[in-house]
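These notes are about the structure you will find just below.
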4 protein chains.
Amino acid sequence: MAETRRGRGPSPQKTAETQARICEAALTRFLSEGFERTRMLDVARDAGLAKGTLYLYFPTKEALFEGVVTEMLGGAVERFDLEPPGEDEPTLDFVLRAMMPLVTDEQAELRQALFRLILSEGQRFPEVLVAYRKVALDPVLAAARRIGARARSRGEIQSDALERLPMLLLAPGVLVTMWNHLFPGEALEPSDLFRSYLGLLFDEADSDRRRGQQ
Amino acid sequence: MAETRRGRGPSPQKTAETQARICEAALTRFLSEGFERTRMLDVARDAGLAKGTLYLYFPTKEALFEGVVTEMLGGAVERFDLEPPGEDEPTLDFVLRAMMPLVTDEQAELRQALFRLILSEGQRFPEVLVAYRKVALDPVLAAARRIGARARSRGEIQSDALERLPMLLLAPGVLVTMWNHLFPGEALEPSDLFRSYLGLLFDEADSDRRRGQQ
Amino acid sequence: MAETRRGRGPSPQKTAETQARICEAALTRFLSEGFERTRMLDVARDAGLAKGTLYLYFPTKEALFEGVVTEMLGGAVERFDLEPPGEDEPTLDFVLRAMMPLVTDEQAELRQALFRLILSEGQRFPEVLVAYRKVALDPVLAAARRIGARARSRGEIQSDALERLPMLLLAPGVLVTMWNHLFPGEALEPSDLFRSYLGLLFDEADSDRRRGQQ
Amino acid sequence: MAETRRGRGPSPQKTAETQARICEAALTRFLSEGFERTRMLDVARDAGLAKGTLYLYFPTKEALFEGVVTEMLGGAVERFDLEPPGEDEPTLDFVLRAMMPLVTDEQAELRQALFRLILSEGQRFPEVLVAYRKVALDPVLAAARRIGARARSRGEIQSDALERLPMLLLAPGVLVTMWNHLFPGEALEPSDLFRSYLGLLFDEADSDRRRGQQ
DNA sequence: GATGAATGAGGTTTCATTCAT
DNA sequence: GATGAATGAAACCTCATTCAT
């Protein structure tokens with residue numbers, strides 16, 4: 001609506017596109033090379049820009065990092081909302097349905113890479129860390145806690161561990177992120193790992209799990 | 001005693017000391033700053049040496065990294081041998097006794113830092129990665145697999161997940177390493193986390209676990 | 001005129017000027033100090049630039065050397081084409097007219113310095129050596145060989161030495177290059193040396209030569 | 001004689017041997033690498049010594065260079081004495097007999113390498129240059145001048161060039177030194193070159209020269 | 001005398017950042 | 001807005017020289 005501009009001057013649309021190209025290029029570099037080894041020149045080139053232009057959008061490399069990562073967090077990547085389980089749905093089934101996408105959907109790899117990046121560089125960027133915590137982590141932890149409570153109240157597990165330490169539900173996600181990064185040659189299948197993990201928690205027998213997979 | 005000297009020249013003993021000082025300084029820097037941000041000059045200074053002296057021991061920064069990290073692996077840090085469980089000892093107890101030290105003993109923090117370091121820089125140092133895998137990881141995975149088999153054969157768990165994916169037993173270790181690095185202000189207690197995790201796997205009730213803790 | 005600008009950014013003209021300034025500065029340093037003792041910082045300063053700018057034009061000191069020297073060879077310095085002798089022109093006169101400029105013209109000193117440089121550093125820069133051979137040396141040798149053949153066919157000399165070993169005609173050039181470099185205080189006059197040399201070859205009497213000089 | 005020493009203290013003999021080993025090692029390095037690229041450590045190692053020991057003999061790298069090169073000049077390498085020609089011996093034959101060894105005897109290569117070294121580094125070491133001039137060059141030039149005078153007085157050549165510019169007689173020596181250094185793959189035979197050169201000067205016909213070679 | 005660990009000045013090279021066009 | 005040449009601080013690494021043993 002208020003987006004109409006008088007003809008002269010820079011087009012806000014083109015600017016937005018450029019910004020997007022920069023972010024994409026920068027994220028890719030940061031993910032694959034880390035912060036220190038990423039060169040501004042490469043980001044600019046990847047984005048199809050001259051070096052100086054990059055500085056019109058981000059005044060320093062640190063700002064580029066913070067901007068790109070937090071924008072990514074603000075974007076669609078990390079939204080997580082738990083729809084309620086069916087009345088009689090076993091919690092195992094519900095978790096598979098609700099949380100598995102976190103490690104299997106099309107953005108799963110990006111999500112994992114982002115996590116590794118924040119793990120590596122987070123100390124230097126406290127604001128990024130806070131944003132990540134708030135936007136990406138806390139909602140998932142809250143969901144995990146509710147799941148733990150539901151499972152215990154239904155007698156599916158005995159322990160209150162998931163309520164006290166909800167991050168335990170994410171442990172296999174962290175594990176697979178690390179493992180597949182370190183040993184891509186013998187990568188684990190995230191869905192298999194996650195399902196097996198839940199099988200352990202809910203003490204499902206082998207035969208059941210395999211049927212379930214089917 | 002058997003220290004036969006070739007009469008003249010500097011002492012080989014001092015050399016060993018110097019090497020040790022370098023390694024300690026370098027490891028500390030690498031752990032706290034990462035590879036790129038660690039400067040040779042700082043390592044030298046931390047070790048009480050001039051820049052050039054460092055290069056008498058390690059010809060490049062890469063060599064310093066590889067040398068220090070693999071030496072650390074070869075040292076006492078990562079040794080892991082599983083003593084056999086008692087005849088009737090519950091697997092839960094056995095695991096707590098046998099594996100818990102990995103996350104709680106005095107070297108646990110160093111071990112965790114080393115893991116993070118290899119996670120961050122491993123891609124650039126394939127040999128370090130291979131060494132880590134062989135020395136630190138595989139023995140623990142083999143132990144985890146045996147534990148999983150024993151637990152299933154004794155009917156303590158239903159799933160064969162730990163046999164197929166033994167790294168699942170390490171998941172809370174990975175989790176706590178990452179968590180405490182990212183959020184030192186709300187650090188998790190590794191022993192609590194590990195115990196709770198095992199409680200989930202072996203479906204121990206809350207009261208039991210809490211008694212156990214006592 | 002045909003200088004179509006892509007509208008924005010720095011001028012390609014200035015770049016060419018800078019390149020020229022670098023080459024001039026570098027060549028001067030290399031000639032007077034040799035490769036090893038030439039410091040990049042000095043080249044940069046001589047060219048009126050900061051250190052880093054030099055690296056925009058040449059990525060290493062080796063590349064600077066190769067670039068500057070081969071460009072020099074490609075330039076006007078070493079071109080040599082033998083115009084044909086007059087029908088009845090004595091070969092002695094012809095050689096004086098045709099080859100003497102190699103040691104007397106305004107570029108003679110540069111040519112000599114370049115030769116000394118390639119002599120000193122050529123082993124480390126095989127490509128420079130090859131280029132020098134092809135561009136500067138072979139054309140002159142071919143001319144020398146033709147001159148030798150002509151002189152013998154006209155009975156001016158008896159020996160076929162110049163045809164088999166045409167570099168002999170260049171011997172005094174090499175000599176004067178070395179001599180004047182080593183003993184600038186008692187420098188030889190290249191034209192005198194060359195003329196005297198030819199006098200020896202063509203067995204001219206003193207009186208004749210002196211008349212010729214006149 | 002006066003060399004007898006009281007028993008205690010360092011053996012002057014061993015010292016002399018060590019000095020000789022150092023000189024040999026240093027000269028080899030200087031010849032093959034040049035002054036700048038020669039490292040003291042390598043010289044020491046080549047001489048079978050520790051770095052520090054080298055400094056007991058020569059206090060700096062410059063001193064090592066000067067010492068080694070001038071000692072070499074003082075040694076047997078560059079002595080040159082012209083025995084008188086036979087009464088009726090053609091000057092061509094005499095020169096071949098008297099001067100050819102300069103480019104063909106067993107020390108010829110060393111002599112050539114030394115010349116190249118002094119050519120490259122001489123500017124930085126004026127004393128070396130002076131010594132070389134006095135010890136190696138001037139005697140040969142004086143001989144060349146006498147040879148030129150004899151040849152002219154006997155009518156074998158017309159020109160007085162060799163008397164005025166006696167270094168012309170050495171031109172092929174300089175030439176072959178340079179050529180074989182630059183193009184070892186197509187090295188010239190020094191004796192062939194020198195003989196051919198003299199053939200040109202004394203205007204010997206091809207057939208004669210070839211007979212002479214035989 | 002001999003050693004080689006230690007030193008640090010000095011050189012090369014990189015790259016985030018600026019700014020005239 | 002966009003460009004990329006220019007800058008120079010900062011890092012890596014080398015090697016002549018010293019000196020305690």
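Values below: all heavy atoms of this structure, side chains included; hydrogens, waters and symmetry mates excluded. Just so we're clear, the structure is a prediction, and the values are computed from it rather than from any experiment. Below, chain A is the first sequence line, B the second, and so on; all start at residue 1.
- E36(B) contributes no side-chain N or O that, together with a main-chain N or O of E36(A), makes up a donor-acceptor pair within less than 3.5 Å.
- Residue-to-nucleotide proximity on DNA chain F shows that, of L49(C) and E36(D), the 5′-proximal contact is made by L49(C).
- Rounded to whole angstrom, the span from the CZ atom of R39(C) across to the C1' atom of dG8(F) amounts to 16 Å.
- Shown here is E33(D), whose CD atom has more than 12 heavy atoms of other residues, nucleotides or ligands within 6.0 Å.
- A salt bridge between R124(A) and E62(A) is present, with a side-chain N of the basic residue lying under 4.0 Å from a carboxylate O of the acidic one.
- Across all strands shown, Y57(C) has heavy atoms under 4.0 Å from sugar-phosphate atoms exclusively, and none from any base.
- At the phosphate of dA6(F), OP1 or OP2 sits under 4.0 Å from a side-chain N or O atom of T18(C).
- Distances shown here put every side-chain N or O of Y55(A) at or beyond 4.0 Å from the OP1 or OP2 atom of dG4(F).
- For the pair T53(B) and dA5(E), the criterion of a side-chain N or O lying under 4.0 Å from OP1 or OP2 is not met.
- In this structure, CZ of R45(A) is placed 12 Å from C1' of dC15(E), rounded to the nearest angstrom.
- As a whole-Å value, the separation of L56(C) CG from dT18(E) C1' is 14 Å.
- For dG1(F), the OP1/OP2 oxygens have a side-chain nitrogen or oxygen of T15(A) closer than 4.0 Å.
- Remark: K51(C) is not in phosphate contact with dG8(F), judged by side-chain N or O atoms under 4.0 Å from OP1 or OP2.
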